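It should be emphasised that the depicted structure is a prediction, and the values quoted were computed from it without experimental measurement.
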Amino acid sequence: MTAVAAPTVASLVQSVDWLAIAPPTIAAVVALVVLVADLFLGERRKALLGWVSVAGLAAAALALLPLLDGDRSTFCLQTLKGEQAACSYTADHFTLVIQFLVLAGALLTALLSITGIKDAKNTPRALPEGEFWFLLLSSAAGAALLPASRDLATLVVALEVASLPAFALVGIKRDDRRSSEAALKFFLSSVTATAVTLLGVSFVYATTGTLHLTRIATALTHVDGQFHTLAQAGVVLTLVGFAFKTAAAPFHFWVPDTYVGAPLPVAAYLSVIGKAVGFSGIILVTVVAFPSYADVWGPALAALAALTMTVGNVAALRQQATRAYSAVRLLAWSSVGQAGYLLVPIAAAAYSKDADKAIGSTVAYALMYAAVNLGAFAVAALVARTKPLNRISDYRGLYRSRPLAALVLGFFLLCLAGLPPGIIGLFAKVTVFSAAVDAGLGWLAVVMAVNVVIALYYYLQWTATLFRSAEGEQAVQRIPAPLTAAIGLTAVIGVVLSGAPQMVLRFASTGLF
C-alpha cells in the first residue's frame, strides 16, 4: 500500500496580506470590541453596541472595494525554489461576491435586531445585548472567511466559526422553552453533520496527502486503484456538513422548529447567511477540489436538489393560515424549497463544459434570494410587533393598515414565486432552469418546473391575504427607523435588480475562479 507524499516546502512560515483578509478580520475585531465594551457600559448606553456593530459590518463590506482590482492570495506555502505552491486564503471574484452577500445580509440582520432587542427590553424575554452582538459579528466573520478558504482545514474551521455562535443566537431568548429546544435540535444535528464531514476530510487526506483544494484536485486525477473507493467515500461524506447548512433534504429537519424558536432576525440570518455558507462550501469542494469525481457528486447533488425542492414546497403548501407562527414556518419551508433550486446549477456543473457559467447561476440566484427573503422577514418582524403569534391570517388586511408594507411584502413574495413584477425572481429561475437543460438534466428541469407551479399556490395565497378585508380594527404603531431602513433597502434592491436582472448574472458569473 503506497502513500501519497505532500510536496516538500522550504518553510512553513507564511506571508500575510492584511488587505486581503480585512473583511472577516474587521468583523472579528469589532466583535471583540463589542464584547469588552459591554462590560463597561451601563444599561442605558448598551443600545450603542448595536450601532457599533452596524458600523463594523459596513466597514467590513467597504473593505471589499480595494480588492476589486485583482485576485489576491495569502497564507501561501513556498516551494524549495521560492515559487508559490498553494494558498489557504484567496480573495478572487467568487470570494468577493459571497463576502458581499454575507456582510450585507448581516448588516440588514443587525438593523432588524436593533428594533427586536429594543422591543424586548424590560420584558421577561429581554435579550442580552452584548452577547447578542458579539455572537452575530463572530458568526458573520466565520461566514465571510469560508468563501475565501482554499484548504479543507480552513473550510471546516470557518464553517464551525459561522455555526457555533448561531447555535447560541437561536437559544438566546432566556426562559423560552421553544427557543431552547430549537437551539438543542440545531446543535445536535449540526454536530453530527460536522463529524461526518470530518470523517470525509480524513478520507480525502488519506487518499491525497494534502488539504489544499487545488492540490487535491491534481492528486485525485491519478488515485491508486486501491484508494478509489476511499476517495469516493471521502467526496460524499465531505459534502454532508455543507448540505446540512443549506438545509438540503434529508438534512433539513431542523429548519422549521429552529426558525420558529429563534428571534426573527436570527431566523432571517440563518435563512440567508447560513445558506450562503453552505453553498459556497459545496461549490469549493466540488468544482475546485473534486472536479475529477464529478460522476460521484453530480448525480448525488441532482438527487438532493430534486428531493429538497419537493419536500420544501409540499410542506409549505400544507401550512395552515390560522396556526401559530405559520408565517415563519411557511418562510422556513419555502427556504428549503429555494435551497433545492440553488443546488440545481451546482449539480449541472458536473455535466457542463462551462462550470463557471453554471456556478454563476447559483450565485446570481443566491443574491436575489438574499435580498427578497431578508425583506420578507423584515415585514414579518414588523407584523410581529403587534401580532406576536405571526400567523398568515394576521396579515389579512395589511394593505389597509400599512399599504406600503403590504405592497413591499407582496413584491417580495412574487419575486420568490418568479412572477412579474418580481422580474429578478423570474430571471433567476429561468437562469437556473437553463443551466439544468444545458447540462442535459432534463428530468431535473421538469421536477423544478413542477415545484415552481406548486410554490405559486402558497405564495399567491399569502399575497392575496394582504389585500383582503381585515377582521376588526388593526393596531398601528410607529415603525422604528432601523426596521424602516431594512425594509426600504431590501425593497430598493429588489426593484433595481428587477429593472436590470442581467446585471446580477454578469456580476455573479464573470471570472469566478
Side-chain angles (χ1 to χ4, degrees), residues 26-58 60 103 105-143 160-188 190 254 257-274 325 328 374 377-378 380-382 384-385 388 390 480-483 486:
I26 291 172
V29 170
V30 175
L32 294 174
V33 169
V34 166
L35 184 64
V36 174
D38 180 53
L39 301 174
F40 300 97
L41 290 177
E43 287 297 324
R44 293 184 178 180
R45 303 183 64 187
K46 286 193 175 182
L48 291 173
L49 297 177
W51 293 109
V52 170
S53 301
V54 169
L57 289 167
L103 295 170
L107 177 59
L108 289 169
T109 302
L111 290 174
L112 290 179
S113 302
I114 289 174
T115 301
I117 291 174
K118 185 177 180 181
D119 289 343
K121 214 166 189 177
N122 301 320
T123 69
R125 295 183 179 180
L127 303 179
E129 295 188 53
E131 291 94 324
F132 181 92
W133 294 116
F134 169 73
L135 292 169
L136 180 64
L137 287 163
S138 299
S139 181
E160 291 309 296
V161 172
S163 302
L164 290 174
F167 305 146
L169 285 171
V170 171
I172 203 168
K173 290 194 285 187
R174 296 169 178 172
D175 302 322
D176 188 325
R177 180 180 175 183
R178 187 182 295 106
S179 179
S180 300
E181 289 179 354
L184 183 61
K185 180 181 289 188
F186 186 23
F187 173 74
L188 292 176
S190 181
W254 58 274
D257 289 343
T258 299
Y259 283 25
V260 169
L264 261 179
V266 175
Y269 178 85
L270 291 175
S271 73
V272 172
I273 284 73
Y325 307 106
V328 180
L374 280 170
F377 268 102
L382 170 62
R385 301 185 75 234
N390 221 322
L483 185 55

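- Here CG of Leu107 is found 10.0 Å from CG of Leu112. Values are rounded to the nearest 0.5 Å.
- Contact check for Leu483 versus Leu111: no side-chain heavy atoms found under the 4.5 Å cut-off.
- Nearest heavy-atom pair, Leu135 versus Ala168, reported as atom, atom and distance to 0.1 Å: CD1-CB, 3.5 Å.
- Put simply, CG on Leu270 and CG on Leu169 are 8.0 Å apart, with the number rounded to the nearest 0.5 Å.
- Taking 4.5 Å as the limit, some side-chain heavy atom of Leu164 sits within range of a side-chain heavy atom of Phe167.
- Between Leu137 and Ala27, the closest heavy-atom pair is CB-O, 3.9 Å.
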Side chains of residues 45-56: which donor-acceptor partners sit under 3.5 Å, not counting sequence neighbours?
residue, atom, partner, partner atom, Å
Lys46, NZ, Asp38, OD1, 3.1
Ser53, OG, Leu49, O, 2.9

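- Taking both residues in full, the closest heavy atoms of Leu127 and Pro263 are given as CD1-CG, 4.5 Å, listed atom of the first, atom of the second, then distance.
- Taking each heavy atom of Ile273 and Ala106 in turn, the nearest pair found is CD1-N, 3.8 Å.
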Identify all side-chain donor-acceptor contacts of residues 181-188 below 3.5 Å with residues at least two apart in sequence or on another chain.
residue, atom, partner, partner atom, Å
Glu181, OE2, Arg177, NE, 3.0
Lys185, NZ, Asp257, OD2, 2.5

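- A donor-acceptor pair under 3.5 Å is absent between the side-chain atoms of Ser139 and the main chain of Val161, judged by distance alone.
- For Lys173 against Val260, the heavy-atom pair with the smallest separation is NZ-O, 4.5 Å.
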Compile the donor-acceptor pairs under 3.5 Å between side chains in residues 29-36 and protein atoms, sequence neighbours left out, one pair per line.
none

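- Residues Ser179 and Ile172 are not in side-chain contact: their nearest non-hydrogen atoms beyond the backbone lie 4.5 Å or more apart.
- Looking only at distances, no side-chain donor or acceptor of Ser163 sits under 3.5 Å from a matching main-chain atom of Glu160.
- Put simply, the side chain of Pro480 reaches to within 4.5 Å of the side chain of Arg385, judged on heavy atoms.
- With hydrogens and angles ignored, the 3.5 Å screen pairs no side-chain donor or acceptor of Tyr269 with any backbone N or O of Ala166.
- For the atom pair CZ (Phe377) and CG (Leu108), the distance works out to 13.5 Å, reported to the nearest 0.5 Å.
- In this structure, the side chains of Trp133 and Ser113 come closer than 4.5 Å at one or more pairs of heavy atoms.
- Between Thr109 and Val272 the shortest side-chain heavy-atom distance does not fall below 4.5 Å.
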